Every structure is written in C-alpha cells, then in structure tokens.
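The structure displayed is predicted, hence computed values, not measured ones. Naming: A, B, ... by sequence-line order, numbering from 1 per chain.
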Amino acid sequence: MFRILAKEKLTPFITMLKIQAPAIARKAQPGQFVVARVDEVGERFPISLANWDNEEGSITIVVMEVGTSTRKLACLNADDHILNLAGPLGLPAHIDNFGKVVCAGGCYGIGAILPIARALKESGNEIISIIEARSKNLLYWQEPLRQVSDELIMTTGDGSYGYKGWTYDPLKEMLEKGEKVDRVFAHGCNFMMMLCSEITKPFGVKTMVSLNPIMVDGTGMCGVCRVSVGGVTKFACVDGPEFDGHEVDWELLASRRQSYIQEEIRSLEWWECQQWCLTTAKSKEA
Amino acid sequence: MEEKPKPKLDLNRVPMPRQDPKARAKNYNEVALGYTEEMALQEANRCIQCPKRPCIDGCPVNVDIPDFIKAIRDNDMAEAVRILKSKNSLPGVCGRVCPQETQCEALCSLGKKGAPIAIGRLERYVADWEQSHGSNPRPSPELPPPTDKKVAVIGSGPAGLTCAADLAKLGHEVTIFEALHVAGGVLMYGIPEFRLPKSIVQAEVDFVKSLGVDIRLDSVMGKLATVDELLEGDYDAIFLGTGAGLPMFMDIPGENLNGIYSANEFLTRVNLMKAYLFPEYDTPIKVGRRVAVIGGGNVAMDSARCALRLGANEVYIVYRRSRAEMPARLEEAENAEEEGIIFKILTNPKQFIGDNQGWVTAMECYEMELGEPDASGRRRPIVKEGSEFIIDVDVVVVALGTTPNPLIPSTTKGLETTKRGTVVADEETGKTVKDKVWAGGDVVTGAATVISAMGAGKRAAASIDAYLKR
C-alpha cells in the first residue's frame, strides 16, 4: 500500500499526486515511469514520474483523466492509498551536454518533461521549454519549469495566453529562422510527439520522444507495449520508453493504443454507474 | 506352513473424475475434480511397495513416494502430509501440474505390466486433504534456532518459493522480492484457474510465509535495487529464481497487428488480472470469434482453453509438426480436444493480414511436412512450397516459448549468461560464477516444468546452507 501525501488539481482534468514511496524515490531517474494498480479489481497501467524527493521518500505523478484507472487515481485524496506501485521502470532518458535543447511538453507531459529539463540544465545545456494547452486555464507548472529553463514559451490552442498554437509551432519557427537547436525532447500525446518529430526531421535535429503504449506488467513480460522503431520491434517498457522520434512508426503506435477503446468506454460507464449507486445509497442512509 | 496367496495385481488405475467437457468449456472451475477417499484408497492399494522404490529417483525433489502412499493406505493422512511436505513445499501445485507420466510414474514397477500408480493424483489427494482437514490456521512447523544469516530470493515462482522454504526451515532469514503484485510467479499469471486454482497457490504461498519468509511484492529487482546493492547491504547470499518471462515472437509480417497476443499477455490478462470478469475487473481482453493459438506446448493448450472459456466460437491450435512431436502433456492435449479445440497440425504461419483499422483478420499459413530429425531429436518441419492457404481469425495467441528476462543479468556485474539469455549455474548446486549468487529454474534452463524449477530451488538451498554454515 502506498500512501498519498498530497494532492493538487492542476487543471480540471489533470491531477498531481505526491505518494510515499521511498524505495522508488531513491532510484528514480528522469524519463522513468511506475506501474500502478489502484485497487483490488484495478488494471495495471504506466504513469511517468514527474518528480521525486529522496529525503522525503516521495514520488510525484501527474495524471490526466482519460479512463477508469486514471479517474480512480484522480478521485483519491491525501491519506488514501494506492494498492500497488512498481518502479522505477524503463530506461532513464539519455542526458548529456548537447548544447541548446528544446523541451516540449503537452497534457500530462508538462509534468513528465520537468525532471528531464532539470537534469539537462544541470548537465550544462541551454534549455528552451515549450508547453502547450488548449486554453490558458489548462496550463500548469509554469514556475518550476521557468526555474530550470533559460526560456519558457507557453502556447495555447485558442490563443488565450502566450503564443497562439501548439508546441511544434514555435519550434518550427525557431528552426526555420535558422536557430541552432542541438536536441529536442518531447513528452505528451502521440499526435504532439509525432508532429514535433516531423518538424525536426528535415532539419536533422535529433528528437527524443517518450512513448506511451498500453502496458500490463511493465517489466518486459507481456509484450503488449511493442512498438516499431527503425523497422525493429521493441518493447517500450524495457527498451524505452524513450526512442528516436524520427524512427518511430507512429501509425502503428496510434492503432495499438486504440485496441481497447470500446472496452475502455464500457469500463468507465460501469464504474461511473457503480459510483452513482454508491453515492445514492449513502445519501439515502443519511 | 501355509503359503500366503500372492495378491493379484490391479493393472488399471482409478480414473480421475472430471467435469463434463461441454460444461467445463464454459466455466473456469477446476477440470479434474480430485479423488474421493474411496478412490484414493483403492489407488493406493494398487501400490506393491516394491523394495527398489524406483519412483523416488524419478522425482526431482525425491519425495518418499511409497511411504506417503503407505500412509494413505494406513489411513494416517497426517503422516502422509508430513512425508510429502518434508520434501515438497508445494504438493497441491505439483499434484496438479507435474508431468508425472515422464517422471516418477514412468519408473513405477507396475508400469511394466499395466498402468503405473497415479502418483500425481494421490499427491493432490493428500494436499487437498490437508487443505480441508488441517487446523486453521495451520500450526507453524517447528523451526531451528535462527542462524542470523540473511538470504534474498528474487522471484516468487516455484524455484524461489521452494528455495526460500527450505532455507527458512534451516533457520535462515529469507526475504523474497517479487516484481508483480501477487506471489507465485507463473503459477499465478500463467497456469489457468481451471488447471490450478489460485486459492491452492495462495495456500502454498501462505505455508511458505508461515515459515517466517518475508515476501515483498511490487519489487522489480534490477530497478529498485541491483543484486550488487543487495550484497553490499546485509544479505549473505542471493538466489535468482526469476524464471523465463520474456515472450518470443515469430518476426513475420503483420505480427504487431491488434488482436495478436503473446501467450504471456493473454494468460496474464485472464489469470492474474481476471479479464474474464470484465467489467467488474478493469482489465479488458479481446474475445475472439475465431482464435488461433500458435504452438504445441502446455502454454498453447492453456491459452486455447482460456480463449474457449472467454466465449470464442472456434479455437485452433496451429502447430508446425505432427501430433506425435507436440511437447504438451498428453492429458492436456486430450483435455483441449475434448473441449472442442481444433488441432491444425503441420501448419505454420507465413504472415498475418489485417484490416484498415489495424486489426488482424486472417493468417496466411504454409502446409508443412516432416523431414530428418533435428537437434531436438524430433523430425524437422519443412515448408511445402506453394502450399499457402488462409485461415480467418480475429485473435491470435503466440505461444512459442519464452526466454529469461535480462533485467537481472544486465544489471549484475560478473554474472555469466548464454546466447539464449540463460544464467550459467552449476547443475548440482545452482552456484553461478558470481560470488554469493545462486540461480535455478527457468532462468537457468530456459522454459521448463514447475517441478524441475522446484528441484533446482531445493538443490540451491542445500548448497547455500552449506556455504552459510561453512
């Protein structure tokens, strides 16, 4: 059992949880993830590490609500427990002194890009962080990111704040202006990571992405997370999750991520119905 | 003096009562129902208690088989349990899934004239008797005084559980590190409920815990801590029982289409995550209408029978050699066939065909024929050129074997591994080339049986004990 130390709702659909997990905190590195199972009937699913504190013995995750499991997580509060948590899993991000690095984050990826930007900064890189959201109120963690960046660019799809557009738009502008970028790290939804990779490819700027396929055990045992990189099948859980975005078969990844879309909808409906029944029963008792 | 009449040999074993094939193909309850007291007594009475006791040599953990059978005969069940458990910490598991027909039963003296004693079925009877008659909670066995030596066991499958239990019985302090959220390894995620009920596995895990073994779940070693870090800490010895968990694929076109599972994934979803109870349980699984399972081993049979129980209309076993070469236990292949699994032998996939949504819809296969024997001694399957044909499928399970997970070898200094990824260890002792580190089970042999892993765990425990007491 893993106790939740703190919870913060970052946006209407994105929640931060700080969890007591000293053994994981001791070994965590940027780019790694944990596999969680919230309760006895829960599924196992991966979540990127957004922060950790070895002294406090805690890890921090940023969860975007998309299905039953992420909803269950987001419903937990401080002092509640997560039944199972295994990690730190996957290979750490490759950190080095590259020179000028762009760190792009979208959705839950704004949380996941932070430890990478921090490690890159500590390795002596110049960091340009670019984050995106549909609208101003959906942006989060600007301050911690600003602290580890030489420049922070915020983009909103509706133009309500900062640059109107998405992470790859200012990235494209920079490259087209002839600005030298030595490496790009992108964390976010498939579509965002794919577009970042497509934009940098003609400029020959190596772009590392953190793939997010379906996983069960997260230790190389089941193979559901197989992705095709450079024409070779890899297991994202043990060979990744970080891969060269120019080599990834994005269409395959998108298709495999959709495998259980109908079941996911059914599962969420079932769970919401259960919650509704529970709430109704409670209010009747009261 | 009057000569005693020689007892007449009973050459036929008491059949195992089983669930009706039609009924069981729709439920997850155990297929083999187990002997009644009367049946067990009748079967035990067939044993001639021959002086040579060859059956014991056939058992990887050397259970005193004739003695426990005699105890059943004497109606001294507590003694039967004691004899069995003194050598085998997991009798309820072994009685169900050991291939006795190629081990103890293969050497039975009665086998020369008729059917050998059904040792496995009697073993299960004794284990189940203990479950239903033993006091609850079971009294902890008497343990020797602590030796103050600490051993870390990595993996809680059959090898790890056996090694841990034996070391604990010798007074050592044992911690098991398990990567998944339950203990039992392949017994939990791999072997289905209808062949090995999970309550049986957990009862055996509880027995190991009752010996004082600390089991730490959610602990992915190699990540959470390396073997070297454990040794730098306060552990005096380490046993690696991490199994063969990495699934093999065929590397043919279309293999990453949706609907194509490794057997590990398919069985884990069903057994460990209880996807057959979706949506009460959150883990989904694709219920195919026409399912092809590729492979001819026990894991292939388990996958096929699970697919049937999930509700598939037709399930095929696609195997590239003939029935005679199938590595599955005869009993399991027969069970599968009785339930309606269709065997497509001498058939091998060439490629998978998908729709525009990325889902598998068909499998193009070759017809095969058998040539000269290969390195395994089995006749080599050869492609019949121009024999390609199509099988329509919507779910495929690839059950072609597994290799050891590299997580531990790749993070441990000075461990020797083979080309197949297995850890090199002495066959008799399990000792690896690395100081203070032993290994046993599938991580050393590649995918094999539960009992051979247990045997390796047992031998390693003896060797570790000798080292700690040197």
Problem - Side chain, backbone, both or neither of A:I214 within contact of chain B (heavy atoms, under 4.5 Å) - result: side chain

Practice task
Return the option, out of A:Q258, A:K72, A:Q262, with the maximum number of heavy-atom pairs under 4.5 Å with chain B.
Solution key: A:K72

Exercise for the section: Determine whether the side chains of A:Y108 and A:N212 contain a donor N or O and an acceptor N or O closer than 3.5 Å. Expected result: yes

Exercise for the section: Against chain B, work out which of A:A23, A:G87, A:P88, A:S69 has the most heavy-atom pairs shorter than 4.5 Å and name it. Expected result: A:P88

Completion exercise
So, the part of A:I24 with a heavy atom under 4.5 Å from chain B: the answer is both

Fill in the blank from the handout: Honestly, the part of A:F235 sitting under 4.5 Å from a heavy atom of chain B is side chain

Practice task
Determine yes or no for a side-chain-to-main-chain donor-acceptor pair under 3.5 angstrom, with B:T411 supplying the side chain and B:T226 the backbone.
Solution key: no

Practice task
Identify which part of A:V216 has an atom lying under 4.5 Å from any heavy atom of chain B, answering side chain, backbone, both or neither.
Solution key: side chain

Practice task
Under 4.5 Å heavy-atom distance to chain B, tell me which part of A:R37 shows up: side chain, backbone, both or neither.
Solution key: side chain

Problem - Sidechain N-carboxylate O distance under 4.0 Å for A:R71, A:E272 - result: yes

Practice task
Say whether, by atom type as modelled, one donor and one acceptor occur between the side chain of B:D214 and the main chain of B:T175 under 3.5 angstrom.
Solution key: no

Handout entry: Region of A:T219 that comes under 4.5 Å of a non-hydrogen atom in chain B
Key = both

Problem - Any side-chain donor near an acceptor of the partner, A:E242 and A:S210, under 3.5 Å - result: no

Exercise for the section: Check whether any side-chain heavy atom of A:L83 sits under 4.5 Å from a side-chain heavy atom of B:H181, and report yes or no. Expected result: no

Problem - Contacting region of A:E251 [heavy-atom separation from chain B under 4.5 Å] - result: neither

Exercise for the section: Find out whether the Lys NZ or Arg CZ of B:K286 is both under 6.0 angstrom from the six-membered ring centre of B:W359 and within 45° of the ring's axis. Expected result: yes

Practice task
Look at the side chain of B:D442 and the backbone N and O of B:G243, then say whether any donor-acceptor pair between them is shorter than 3.5 Å.
Solution key: no

Handout entry: Distance in Å, A:M1 CE paired with A:I82 CD1, rounded so as to fall on 0.5 Å steps
Key = 10.5 Å

Problem - Expected output: side-chain B:Q202 to main-chain B:K198 donor-acceptor under 3.5 Å - result: no

Problem - Pick from B:D282, B:V398, B:I285 with the largest number of heavy-atom pairs that fall under 4.5 Å of chain A - result: B:D282

Handout entry: Salt-bridge contact A:R118-A:E122 (side-chain N to carboxylate O under 4.0 Å)
Key = no

Handout entry: Structural part of B:E280 lying under 4.5 Å from a heavy atom of chain A
Key = both

Problem - Best-contacting candidate, B:L277, B:N264, B:L224, against chain A by heavy atom pairs under 4.5 angstrom - result: B:L224

Problem - Most chain B-contacting option - heavy-atom pairs closer than 4.5 Å, from A:A86, A:G223, A:S259 - result: A:S259

Practice task
Heavy atoms only, distances under 4.5 angstrom: which of A:E263, A:K27, A:R226 has the most pairs with chain B? Name it, please.
Solution key: A:R226

Handout entry: Portion of B:Y189 that has a non-hydrogen atom of chain A nearer than 4.5 angstrom
Key = side chain

Problem - Part of B:K274 within contact of chain A (heavy atom distance under 4.5 Å) - result: neither

Problem - Segment of A:L268 engaging chain B (4.5 angstrom heavy-atom cut-off) - result: neither

Problem - Side-chain H-bond candidate by donor/acceptor type, A:E43 with B:T283, under 3.5 Å - result: no

Practice task
Check each atom of B:L267 against the heavy atoms of chain A and say whether the ones under 4.5 Å are side chain, backbone, both or neither.
Solution key: neither

Problem - Partner chain A: residue of B:P284, B:P406, B:G358 with the largest heavy-atom pair count (under 4.5 Å) - result: B:P284

Problem - Heavy-atom check, side chain of A:S197 versus side chain of A:V209, under 4.5 Å - result: yes

Completion exercise
Looking only at A:L89, A:L85, A:D217, the option with the highest number of non-hydrogen pairs under 4.5 Å against chain B is A:L85

Practice task
With a 4.5 angstrom heavy-atom cut-off, could you sort out which part of A:R44 is near chain B: side chain, backbone, both or neither?
Solution key: both

Problem - Under 4.5 Å from any heavy atom of chain A - which part of B:N256 - result: both

Handout entry: Contact class of B:E178 relative to chain A, heavy atoms under 4.5 angstrom
Key = neither

Handout entry: Any donor-acceptor pair under 3.5 Å from A:R257 side chain to A:N190 backbone
Key = no

